[in-house]
**Q** 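Mind looking over this structure? Questions follow.
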Amino acid sequence: MLRSCLRSSICSNRWAASTKPYFAWPPPNLLLHISKHLSSESSRRKNPQLPPLSDLKSLCIEDRLKEAILEMGIQGLRVDFDGYDSLLAVCINQNAVREGQRVHSHMIKTRYFPPVFLNTRLVIMYVKFGFLEDARRVFDGMSERNVVSWTAVISGCARRGRRYEALGLFLRMLETGIFPNEFTFASTLTACTGPGGLEHGIQVHSLVIKSNFESHLCVGSSLVDMYAKAGRIQEARRVFDKLPERNVVSCTAIITGYAQLGLDEKALELFCQLQKEGMESNPVTYVSLVTALSGLAALDYGRQVHTQIIRSEVQSNVVLQNSLIDMYSKCGSLTYSRRVFNSMPERTVISWNAMLVGYSKHGLGQQVLELFKLMQKEDVKPDRITLMAVLSGCSHGGLVHEGLDIFYWMVRGQYVEAEIEHYGCIVDLLGRAGLVDKALIFIKQMPFEPTAGIWDTLLGACRAHSNVPVGEYAAQQLFNIDPQNARNYVILSNIFAAAGRWEDVINVRRLMKEKTVMKEPGQSWIKLDRKLHAFYVSDQFHSKKGKKYL
DNA sequence: GTAGGGTTAG
């Protein structure tokens, strides 16, 4: 079943793309480099002053990689399995890209045919360096493969977003008769995480159960993550509860699952419970917890957790600090956000974006502009989100000229490609400032087909600035795109009502009836005695109705 | 040797 389900994926273009010819290997400059070293063996013979041959393995153990690489060149054709094994292990460990490539080139140049173990090391090395094409090239050229070789290449594809390729490889592995182990399953489940992956994930899960791997920590954590990201939090929780043992990764996976689905209270509750049960937390756990607190806008809890992070042994990192910036901003305290931002020893573009978004959402246009200038001064490359934050900051702060200047600077340059969302920000900027007619002209000149979101922004502006003709036009566009959306009819009706055009109000209401457009009734909530009570408009029947105005 | 969980926008 799995096979038939995934067959179409294997035949897809992505798979076909992976079988296209690779680049010439090794690159000519690398060969030149290696051959220089190879020729130094003859110079040793001519010059007895050169140091005696060293043992590659001991150089590697002593962490003298560069000397070992040089020695490899000098030894010419004589590097054996142990030598290559030690060299590759150190290259992988130290992320030594150039040295790793030299070792591989040396194998080719000296016509050394690596056994399966060394070929697998090469695959692992290229996967770690992020050179997936090279990893595939070595893997595809292997006459013999084992479960580790397959897992290494599957995990490389899964982590690089080449999900269908990873699943195709998994199937080929099964066909070859090699049975997956816990690492293989964990990587394959990673490939099933994300849009459209659930169907495949469930099938891999059934294989996991049949193979008795469900209780392995890494498989369990992958299953929890896969189900949670597919919105199946109950299934994720079921897998988590069934795990015979837990560790920080599996606990974090389920907490993250709740937080990412917006079940923030549940995430916080589970964190407290697991911590009582002795769960160790690390920066990743705290990132999920802080994300949940952002959703709850719970400043007190947020400060307590921040204090706990500072006091605990947990080494904070840039991702955690980014989430703290966001949490403080969503809890309404930009002063704390900025304090975290200022204290950071290193920042990523996300740190800047989180701070800019904070200022923007609070309507602090001047602070947005100042921070954006600082960002440019520090040579940090903005991305699409930076520009979204800056443009919407100008919009919320009423900085029309500044916003337009930045937008046209963006369109002229090649810093960030302007997308429809950026155009949407300008529609909002003009509309908010009351320049509704200009906003409509701007929409008509856009290089994109306007979306419902764009017309919705314009309609909102028409309502705020009582512009009936443009409002009618925008509403008509929305009726064409989404005729059953009651919200658009109601806003247009309100625009007419504000202008005293009561006949038009009646017409819109009649239109709604004709098209059987239903508006969801207004609803509000209140929490009493740890119970959530919901009240609807005209609700006559709720037991607490009499008390709600107390 | 191969493994699993994380941040900004909409």
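So you know, we letter chains A, B, ... as the sequences are listed, proteins then strands, and number each from 1.
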**Q** Please determine, for the side chain of A:Asn247, which listed nucleotide (B:dG5, B:dT2, B:dG4) has the closest atom?
**A** B:dG4
**Q** Specify the separation, in whole Å, of atom CD of A:Glu245 and atom C1' of B:dA3.
**A** 14 Å
**Q** Can you find a side chain N or O atom of A:Ser250 that sits less than 4.0 Å from OP1 or OP2 on B:dG4?
**A** no
**Q** Starting at CD of A:Glu417 and ending at P of B:dA9, how long is that distance when rounded to a whole Å?
**A** 22 Å
**Q** More than 12 heavy atoms of other residues, nucleotides or ligands under 6.0 Å from CZ of A:Arg237: is that the case?
**A** yes
**Q** Verify the contact: side-chain N or O of A:Lys229 to OP1 or OP2 of B:dG6, cut-off strictly under 4.0 Å; return yes or no.
**A** yes
**Q** Can you check the A:Leu293 CG to B:dT7 P distance for me, whole Å?
**A** 14 Å
**Q** Report which part of the nucleic acid A:Leu320 touches: base, sugar-phosphate, or nothing (heavy-atom distance under 4.0 Å, all strands).
**A** base
**Q** Measure from the side chain of A:Asn322, starting at C-beta and using heavy atoms only, and say which of B:dT7, B:dG4, B:dA3 lies closest.
**A** B:dT7
**Q** With the side chain of A:Ala354 defined as its heavy atoms from C-beta on, choose the nearest nucleotide among B:dT7, B:dT8, B:dT2.
**A** B:dT8
**Q** Under 4.0 angstrom, heavy atoms only, what part of the nucleic acid is A:Thr386 near: base, sugar-phosphate, or nothing?
**A** nothing
**Q** Please report the distance, rounded to the nearest Å, between CZ in A:Arg159 and C1' in B:dG6.
**A** 15 Å
**Q** Give a yes or no on whether the backbone of A:Gly431 and the side-chain of A:Asp428 come within a donor-acceptor separation of less than 3.5 Å.
**A** no
**Q** Using a cut-off of 4.0 Å on non-hydrogen atoms, how would the nucleic acid contact of A:Asp383 be classed: base, sugar-phosphate, or nothing?
**A** nothing
**Q** Say whether, by atom type as modelled, one donor and one acceptor occur between the side chain of A:Ser211 and the main chain of A:Leu207 under 3.5 angstrom.
**A** yes
**Q** In terms of side-chain heavy atoms of A:Val284, which of B:dT8, B:dG5, B:dT7 is nearest?
**A** B:dG5
**Q** Taking the basic N atoms (NZ, or NE/NH1/NH2) and the acidic carboxylate oxygens, is any pair closer than 4.0 Å for A:Glu277 and A:Arg246?
**A** yes
**Q** Can you tell me how far P of B:dT2 sits from CZ of A:Arg136, to the nearest Å?
**A** 19 Å
**Q** Tell me: CE of A:Met327 to C1' of B:dT8, nearest whole Å?
**A** 15 Å
**Q** Indicate whether OP1 or OP2 belonging to B:dG5 is found under 4.0 Å from a side-chain N or O atom of A:Gln260.
**A** no
**Q** Could you check how far CD1 of A:Ile309 sits from P of B:dG6, rounded to whole Å?
**A** 17 Å
**Q** So does A:Thr252 reach the base of B:dG5 with its side chain, donor to acceptor, closer than 3.5 Å?
**A** yes
**Q** What nucleotide, of B:dT8, B:dG5, B:dG4, holds the atom closest to the side chain of A:Thr256?
**A** B:dG5
**Q** Could you check whether A:Val319 gets within reach of a base, just the sugar-phosphate, or nothing at all, counting any heavy atom under 4.0 Å?
**A** base
**Q** Within the 4.0 Å heavy-atom criterion, would you say A:Thr190 contacts the bases, only the backbone, or no part of the nucleic acid?
**A** sugar-phosphate
**Q** Could you give the CG-to-P distance, from A:Asn353 to B:dT8, as a whole number of Å?
**A** 11 Å
**Q** Just compare B:dT7, B:dA9, B:dG4 and give me whichever is closest to any side-chain atom of A:Ser323.
**A** B:dT7
**Q** Base, sugar-phosphate or nothing for A:Phe185? Non-hydrogen atoms, less than 4.0 Å.
**A** nothing
**Q** Measure from the side-chain heavy atoms of A:Ser155 and tell me the nearest of B:dG5, B:dA3, B:dG6.
**A** B:dA3
**Q** Does A:Arg384 place a side-chain N or O at less than 4.0 Å from the phosphate oxygens OP1/OP2 of B:dG10?
**A** no
**Q** Can you check ring-ring contact (aromatic ring centres under 6.0 Å, His included) on A:Trp352 and A:Phe341, steps first, answer last?
**A** CA-CA 8 Å; A:Trp352 292 87; A:Phe341 179 85; 5.0 Å; yes
**Q** Please classify the nucleic acid contact of A:Val248 as base, sugar-phosphate, or nothing, using heavy-atom distances under 4.0 Å.
**A** base
**Q** Any side-chain N or O of A:Lys361 under 4.0 Å from OP1/OP2 of B:dG10?
**A** yes
**Q** Does A:Leu217 reach a base, just sugar-phosphate, or nothing at all? Heavy atoms under 4.0 Å.
**A** base
**Q** What nucleic acid atoms does A:Val116 come within less than 4.0 Å of, heavy atoms only: base, sugar-phosphate, or nothing?
**A** base
**Q** Between A:Ser323 and A:Asp326, is any side-chain donor less than 3.5 angstrom from a side-chain acceptor?
**A** no
**Q** Please check if any side-chain donor atom of A:Asn146 sits under 3.5 Å from a side-chain acceptor atom of A:Ser149, or the reverse.
**A** yes
